[in-house]
Each structure stands twice: as structure tokens, then as C-alpha cells.
Amino acid sequence: MNSKEYLANEAERLYVYDCNTVDEIAEKINISSKTVCRWKDKYNWDSKKKSYLRTRQCFHEELYEFARKLMKDISSDMDSGEKIDPGRMYAFCRIIPMFTKVKDYEDIVAKKEKKETQKGLTPELIAQIEEEVLGITQNNDNEKE
């Protein structure tokens with residue numbers, strides 16, 4: 001694998017799995033944003049990312065459904081007076097705390113996805129343009145003369 005292929009694979013990983021923006025990737029691996037955009041289009045990173053996010057975001061639902069089935073089996077054993085298998089009870093007790101961890105992870109990924117799709121000028125960007133391009137500095141009311 002040559003260095004160009006390595007960089008393209010690393011950029012893809014950063015985009016698809018780590019949810020970095022094109023500009024963040026360009027800065028991290030020290031290449032132009034234009035090159036990253038070409039690779040993104042050429043190798044269809046958007047569809048790969050959507051597919052990956054779908055699998056990540058559905059995991060908490062699968063985990064929840066599995067826990068419900070396990071809980072239902074344990075409950076039916078308790079109701080019928082049968083001895084409860086300690087392994088099933090242990091597994092159920094270990095799964096419960098995982099719900100919040102999985103859900104928190106999925107929320108972070110969803111926020112990054114939303115942040116990436118925002119378009120237009122934000123107040124922060126306008127202030128940055130005014131300061132860096134136009135040379136207009138913001139006056140703070142709290143500053144004393």
C-alpha cells in the first residue's frame with residue numbers, strides 16, 4: 001500500500017467511523033480539503049457512513065429487546081416457582097447498565113451528524129469573518145475605557 005492509499009483509507013476511517021468533517025480530516029492528515037472531498041465522492045463515503053450509523057443507532061434497540069426477552073423468561077420462571085438460572089440473572093443485571101452507555105454513544109454520534117449537516121452562517125462564523133477578513137473587532141460592553 002502506498003502513502004496515497006494509506007492516507008485515503010485513514011481519511012475514510014476518520015469520516016465514516018469517527019464522524020470528522022472534511023476540514024478536520026484535512027487538518028489531521030495534512031492534505032487539502034479539496035482532496036478529501038474528491039475521495040469522499042469517489043469512494044462514496046456518505047453511503048458508508050449512513051450504513052455504519054444505522055447499525056450503531058439500532059444496537060440499543062436490539063439490546064433493549066434482548067433484555068426484555070430475558071426479563072420475561074426470568075419473570076415466568078419466578079411466577080411458576082422454578083429455580084432461576086444464576087447465569088441468566090447475572091446476564092440481565094450486567095445488561096441493564098449498558099443501556100445508558102450505548103444510548104449516550106448513539107446520542108454523541110447523532111449530534112456530530114447534525115452538527116455536520118448545519119449549513120449557512122452562524123453568529124460565531126460571522127464574528128470570525130468580521131474580525132479576520134474585515135478587521136472589525138467586537139466591542140464588549142463589560143470593558144472599561
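Along the sequence shown, residues carry numbers from 1.
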Task: Over 12 foreign heavy atoms within 6.0 Å of CG, Asn30 - done: no

Task: Smallest separation among heavy atoms of Glu10 and Ile29, with atom names - done: CG-CG2, 4.0 Å

- [ ] Please round to the nearest 0.5 Å and tell me the distance separating atom CD of Glu12 and atom CG of Asn9.
- [x] 6.5 Å

- [ ] Can you spot which of Asn20, Thr21, Leu7, Ile31 makes a side-chain contact (heavy atoms from CB on, under 4.5 Å) with Val36?
- [x] Ile31

- [ ] For the pair Phe92 and Leu70, evaluate side chain to side chain contact (heavy atoms under 4.5 Å, CB included) and give the outcome as yes or no after the intermediate values.
- [x] CA-CA 7 Å; Phe92 180 73; Leu70 189 57; 3.7 Å; yes

- [ ] Test Val22 against Trp39 for side chain to side chain contact (heavy atoms under 4.5 Å, CB included), laying out the working first.
- [x] CA-CA 10 Å; Val22 169; Trp39 289 343; over 6 Å; no

Open item on the list: Other residues, nucleotides and ligands only: do more than 12 of their heavy atoms fall within 6.0 Å of CE on Met78?
Closed with: no

Open item on the list: Side chains of Lys69 and Glu65, heavy atoms from C-beta outward: is any pair under 4.5 Å?
Closed with: yes

Task: Results of side-chain hydrogen bond (donor to acceptor under 3.5 Å, both in side chains) for Asp18 - residues two or more places apart only - done: Arg13

TODO: Mind running side chain to side chain contact (heavy atoms under 4.5 Å, CB included) on Leu14 and Glu24 for me, showing each step along the way?
DONE: CA-CA 9 Å; Leu14 290 169; Glu24 291 170 338; over 6 Å; no

Open item on the list: How close do Ser33 and Asp23 get, counting heavy atoms only, and between which atoms?
Closed with: OG-OD1, 3.0 Å

TODO: To the nearest 0.5 Å, tell me how far Tyr64 OH sits from Ile96 CD1.
DONE: 9.5 Å

Task: Tyr90 and Asp85: side chain donor to acceptor below 3.5 Å - done: no

Open item on the list: Using side-chain hydrogen bond (donor to acceptor under 3.5 Å, both in side chains), reason through Ser76 and Asp73 one step at a time and then give a plain yes or no.
Closed with: CA-CA 5 Å; Ser76 67; Asp73 288 344; 4.8 Å; no

- [ ] Would you please test Cys19 and Lys49 for side chain to side chain contact (heavy atoms under 4.5 Å, CB included) and show each step?
- [x] CA-CA 8 Å; Cys19 297; Lys49 183 176 185 175; 4.0 Å; yes

Open item on the list: Is any side-chain heavy atom of Ile74 closer than 4.5 Å to one of Met71?
Closed with: no

Task: Lys4 atom NZ: more than 12 heavy-atom contacts under 6.0 Å - done: no

Task: Straight-line distance of Asp46 CG to Tyr15 OH, nearest 0.5 Å - done: 3.5 Å

Task: Rounded distance [0.5 Å steps], CZ in Arg68 versus NZ in Lys72 - done: 8.5 Å

